[in-house]
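Some notes on the structure that comes next.
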Amino acid sequence: MKAFLVAGGSIEKEFLKKSYKEGNYDLVIGIDGGAAYLLECDIAADIILGDFDTLDKEILDYYKSINTKIEGFKAEKDETDTELGIDCAIEAGADEIHLYGATGTRLDHVLGNIQSLRIASNKNIKAYIIDTHNKIHYVNQRETIKKNEQYGKYISFVPMTAKVKGVTLRGFKYPLENGVLVNDKSLAISNQIESEEAVVSYEEGVLLMIESKD
């Protein structure tokens, strides 16, 4: 099951509509203010959830009037709304999650949302944060990236633990063989694919991959 999650961060609406149309999604979840984006883009929500501190009451009332499934939470909670949205998608049976509206001006929210992707990756569920310029996910030990399918020109690898050991990058402009990435150095930022396919693998740690467009 492929899930389309929309949070309340920065979104270009035409991009959101295009992504939904082309994505062939099975489940749509509006996360707090993201439910407003879905309504504005005429995308039907299967579930909306959150503490609804950023969602207008009129929009919430509309969703109630059409019997959309609503899961409300208190604002005083340990989890972010995005974390709850990812949990909800997993509980519904999603094996691939695309999260939109998870980037923007609130860097604390952006970092928290990136952390929340680990909930899915820890369960071997593919999960991505996607916006008009970036596609972000955790590398699952070994991955192949086809040049004609990459999201943007640049690919960066960010160690999310103190060290990521045994890192190998093949087919890239800047290759690496059994290297170590540390989280106080920017060694693997802004790489590029040169072969038709590139491979990234590592042995120990947690590695984040960011595909970026200018």
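Positions are given from 1 along the sequence. Atoms considered below: every heavy atom in the structure, side chains included; atoms not considered: hydrogens, waters and symmetry mates.
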Heavy-atom check, side chain of [X] versus side chain of [Y], under 4.5 Å:
{"X": "L38", "Y": "Y20", "result": "no"}
{"X": "F157", "Y": "V164", "result": "no"}
{"X": "D87", "Y": "E83", "result": "yes"}
{"X": "L117", "Y": "I129", "result": "yes"}
{"X": "F4", "Y": "L16", "result": "yes"}

Closest non-hydrogen atom pair, [X] against [Y]:
{"X": "A92", "Y": "L27", "answer": "CB-CD2, 3.8 Å"}
{"X": "Y138", "Y": "Q115", "answer": "OH-CA, 3.9 Å"}
{"X": "L5", "Y": "I86", "answer": "CD2-N, 3.9 Å"}

Hydrophobic cluster membership, I114 vs I31, 4.5 Å side-chain cutoff: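 Linked, I114 and I31 end up in one cluster.
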Shared hydrophobic cluster for I29 and I11 (ILVMFWY, side-chain gaps under 4.5 Å):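 Not linked; separate clusters.
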What I want to find out is whether [X] reaches [Y] closely enough, with some N-O distance under 4.0 Å, to be called a salt bridge.
{"X": "E149", "Y": "K147", "answer": "no"}
{"X": "E204", "Y": "K163", "answer": "no"}
{"X": "D81", "Y": "K77", "answer": "yes"}

Against I48, only a single residue in V6, D32, L60 fulfils side-chain contact (heavy atoms from CB on, under 4.5 Å); can you say which?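 Of V6, D32, L60, side-chain contact (heavy atoms from CB on, under 4.5 Å) with I48 is met by L60 alone.
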Checking side-chain polar atoms at under 3.5 Å, does E143 have a donor or acceptor matched by the opposite partner on H137?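 Distance-only check passes for E143 and H137.
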Are the side chain of [X] and the backbone N or O of [Y] linked by a donor-acceptor pair below 3.5 Å?
{"X": "S186", "Y": "I189", "answer": "no"}
{"X": "Y100", "Y": "G34", "answer": "no"}
{"X": "T168", "Y": "N178", "answer": "yes"}
{"X": "N113", "Y": "A102", "answer": "yes"}
{"X": "N140", "Y": "S121", "answer": "no"}
{"X": "Y174", "Y": "L187", "answer": "no"}
{"X": "E203", "Y": "G166", "answer": "no"}
{"X": "S116", "Y": "T82", "answer": "no"}
{"X": "K2", "Y": "G23", "answer": "yes"}
{"X": "D51", "Y": "D53", "answer": "yes"}

Compute both the distance and the angle, then confirm whether K165 meets the cation-pi test with Y202: under 6.0 Å from the six-membered ring centre, within 45 degrees of the axis.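 That pair does not qualify as a cation-pi contact.
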Drop me the distance from K173's NZ to Q192's CD, to the nearest 0.5 angstrom.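 Here the interatomic distance stands at 5.0 Å.
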Reported CZ-to-OG1 distance for the pair R142 and T144, which is rounded to 0.5 angstrom: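 OG1 of T144 is found 5.5 Å from CZ of R142.
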Which class fits the ring pair Y128 and H98: parallel under 30°, tilted 30 to 60°, perpendicular over 60°?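 Rings of Y128 and H98: perpendicular, over 60°.
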Show every side chain to side chain donor-acceptor pair (under 3.5 Å) that has at least one partner inside residues 5-16, sequence neighbours left out.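 Every side chain to side chain donor-acceptor pair (under 3.5 Å) pair that includes a residue of residues 5-16, provided the two are not neighbours, is K13-E40, E14-K17.
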Between K213 and Y151, does the side-chain contact (heavy atoms from CB on, under 4.5 Å) criterion hold? Intermediate values first, please. CA-CA 7 Å; K213 306 175 184 179; Y151 196 71; 3.8 Å; yes
For [X], I'd like to know if atom [atom1] has over 12 heavy atoms of other residues, nucleotides or ligands within 6.0 Å.
{"X": "D184", "atom1": "CG", "answer": "yes"}
{"X": "F73", "atom1": "CZ", "answer": "yes"}
{"X": "K146", "atom1": "NZ", "answer": "no"}

Run Q150 and I193 through side-chain contact (heavy atoms from CB on, under 4.5 Å) and show every step you take. CA-CA 9 Å; Q150 69 182 111; I193 294 177; 3.9 Å; yes
Given the rule in the side-chain contact (heavy atoms from CB on, under 4.5 Å) test, do E96 and M1 qualify, once you have shown the distances and angles that lead to the verdict? CA-CA 7 Å; E96 185 169 342; M1 178 190 290; over 6 Å; no
